[in-house]
Amino acid sequence: MNKSERLNDMIRYLSGKNSFRLRDLMERYSISRSSALRDVRALEELGLPIFTRVGRGGSYGILPNHLLTPILFTVDEMYALYVAMRTLDSYQTTPFHLDVVHLREKFEECAPLHRTSLHRIADILRLDVTKHANESACLRDILQFAVKEQPCVIYYQKKELRRYTVQFFEIRAAYGQWYGTAHDFEMGQARVFRCDRITAVEECMDVAGMPLSSFARPSEELYRRADALSFVVEITAKGRDFFLKITIHPCDLWRRTIWQTSKIKSFIRFTPSRSRTPTATGSGICAV
C-alpha cells in the first residue's frame with residue numbers, strides 16, 4: 001500500500017472516531033513512528049481537523065465537524081447535486097450556517113473539467129423556488145432540538161413577544177418562508193410557527209421529549225384540539241355563485257388560493273351531496 005492509498009484508508013478509518021493514538025496507526029498500517037507522524041501532518045493538510053491532546057502516551061482528537069469519507073459520483077449524479085445545491089441561492093437563511101457561494105466554488109473546484117458544463121446547466125435549468133426575504137436566526141437551533149427529540153422554549157414575536165414550550169418535529173420551506181411545526185405542551189396540540197419570528201430558543205428541562213414517531217399521525221388528529229367540535233358546512237348554490245363572481249377567471253382564483261387550500265386539505269373533505277352541492281366536514285384548526 002503506497003502513501004496515497006494509505007491516507008485514503010486512514011480517512012475512512014478515522015471517519016467514525018473522536019480520537020486516536022499514534023500507535024493505532026503504526027499497528028494498523030505497519031509503519032514507523034516517524035511515518036505515522038508524517039501521515040498525521042498530511043491528514044491535517046487535507047483538511048481533517050486534528051488536534052493534539054496533552055497527556056501521558058499522547059493522543060489526537062478529531063473535531064465533530066470532520067471530513068466525510070470520500071464518495072465517488074458519476075457525472076450525472078454530480079450534475080444533479082450541483083443543480084440541487086443551486087436552489088439554496090434563494091434562501092436568506094439555511095439551517096447549516098454555510099456560505100452558499102463558497103460551497104458552490106468548492107464544488108466546482110472538485111470538477112474543473114466540467115465547470116463550463118455546470119455553469120451552462122445552471123443557466124439553462126431553472127427550478128421554481130420562491131426567494132426568501134426574511135432571515136431566520138434560530139433555524140439551526142430549531143433543527144438541532146428537533147433531531148435530538150428534545151423540547152425547547154421559544155420566544156415568538158408577532159403582535160407581542162410570547163413564550164412557548166414546544167417540541168419541533170417538522171421544518172419546511174414554503175412561500176418564501178421557513179415554517180416549523182411543533183407540539184405545544186401547554187395546549188396539547190400541534191402548532192405552526194414562522195421561523196423568522198422566533199427570536200430565541202432555549203433548552204427546556206421541565207417536560208420530557210417525545211419520539212418523532214409519535215407525531216406520525218393523520219393531520220385531523222395532529223391538529224385537533226381536545227375541545228374541538230366536529231362540524232359540517234353546506235355550500236348552497238347561491239353561495240357558490242357569489243363565490244365565483246368575485247374572481248375574474250377560475251384559473252386565476254386557483255393560483256391565488258392554492259397555498260390556502262394546500263394548508264387545509266388534510267382536514268377539510270369536500271364530498272358531493274345528492275343535489276350536487278359541495279359539502280365540507282372537518283374539525284378545529286390551530287395556526288400561529
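A quick note: this is a predicted structure, and the numbers were derived from the prediction, not measured.
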Leu161-Ile154 co-clustered via ILVMFWY side chain contacts under 4.5 Å: no

Student check: side-chain heavy atoms of Thr116 and His119 closer than 4.5 Å: no

Check against side chain to side chain contact (heavy atoms under 4.5 Å, CB included), Met10 and Tyr29: CA-CA 9 Å; Met10 282 184 182; Tyr29 299 101; 3.5 Å; yes

Reported OG1-to-CZ distance for the pair Thr181 and Phe215, which is rounded to 0.5 angstrom: 10.5 Å

Cluster check Ile11, Ile31: I/L/V/M/F/W/Y, side chain < 4.5 angstrom: yes

Non-hydrogen side-chain atoms of Asp196 and Trp178 separated by less than 4.5 Å: no

Side-chain touch Leu37/Arg41, heavy atoms, less than 4.5 angstrom: yes

Side chain to side chain contact (heavy atoms under 4.5 Å, CB included) assessment of Phe185 paired with Asp206: CA-CA 11 Å; Phe185 287 94; Asp206 299 333; over 6 Å; no

Note, Ile171 side chain near Leu139 side chain (heavy atom, < 4.5 Å): yes

Donor on one side chain, acceptor on other, Ser35 and Arg38, under 3.5 Å: yes

Between Phe193 and Tyr164, ring centroids under 6.0 Å: yes

Residue pair Ile62 / Asn18, side-chain heavy-atom distance below 4.5 Å: no

Shared hydrophobic cluster, Val153 / Val192 (ILVMFWY, side-chain heavy atoms < 4.5 Å): no

ILVMFWY cluster, Met85 and Leu125 together (side-chain gap under 4.5 Å): yes

Spatial distance of atom CE (Met26) from atom OG (Ser34) [nearest 0.5 Å]: 8.5 Å

Atom pair OH/SG of Tyr156 and Cys138 - distance to nearest 0.5 Å: 12.5 Å

Test side chain to side chain contact (heavy atoms under 4.5 Å, CB included) applied to Asn134 and Arg194, step by step: CA-CA 10 Å; Asn134 299 320; Arg194 262 182 54 175; 3.4 Å; yes

Interatomic distance, Ser19 atom OG to Leu14 atom CG [nearest 0.5 angstrom]: 10.0 Å

Rounded distance [0.5 Å steps], CG in Leu25 versus CD in Glu27: 10.0 Å

Residue pair Tyr82 / Ile121, side-chain heavy-atom distance below 4.5 Å: no

Mutual orientation of the aromatic rings belonging to His114 and Tyr79 [parallel < 30°, tilted 30-60°, perpendicular > 60°]: perpendicular

Side-chain touch Tyr155/Ile198, heavy atoms, less than 4.5 angstrom: no

Straight-line distance of Leu43 CG to Ile50 CD1, nearest 0.5 Å: 5.0 Å

List the atom pairs, with distances to 0.1 Å, where a side-chain N or O of residues 144-151 and a protein N or O form a donor-acceptor pair under 3.5 Å, not counting sequence neighbours.
residue: Glu149; atom: OE2; partner: Leu212; partner atom: N; Å: 3.0
residue: Gln150; atom: NE2; partner: Glu203; partner atom: OE2; Å: 2.9

Closest contact, heavy atoms only, Thr165 versus Arg163: OG1-NH1, 4.1 Å

Within 6.0 angstrom of Arg115 CZ, more than 12 heavy atoms from elsewhere: yes

Sidechain N-carboxylate O distance under 4.0 Å for Asp24, Arg21: yes

Test item: Gln167 side-chain N/O and Met210 main-chain N/O as donor-acceptor pair under 3.5 Å: yes

Heavy atoms of other groups near Arg23 CZ, more than 12 under 6.0 Å: no

Derivation and outcome, side chain to side chain contact (heavy atoms under 4.5 Å, CB included), residues Glu5 and Asn2: CA-CA 5 Å; Glu5 294 173 337; Asn2 58 38; 3.1 Å; yes

SB check Arg6 Asp9 (cutoff 4.0 Å): no

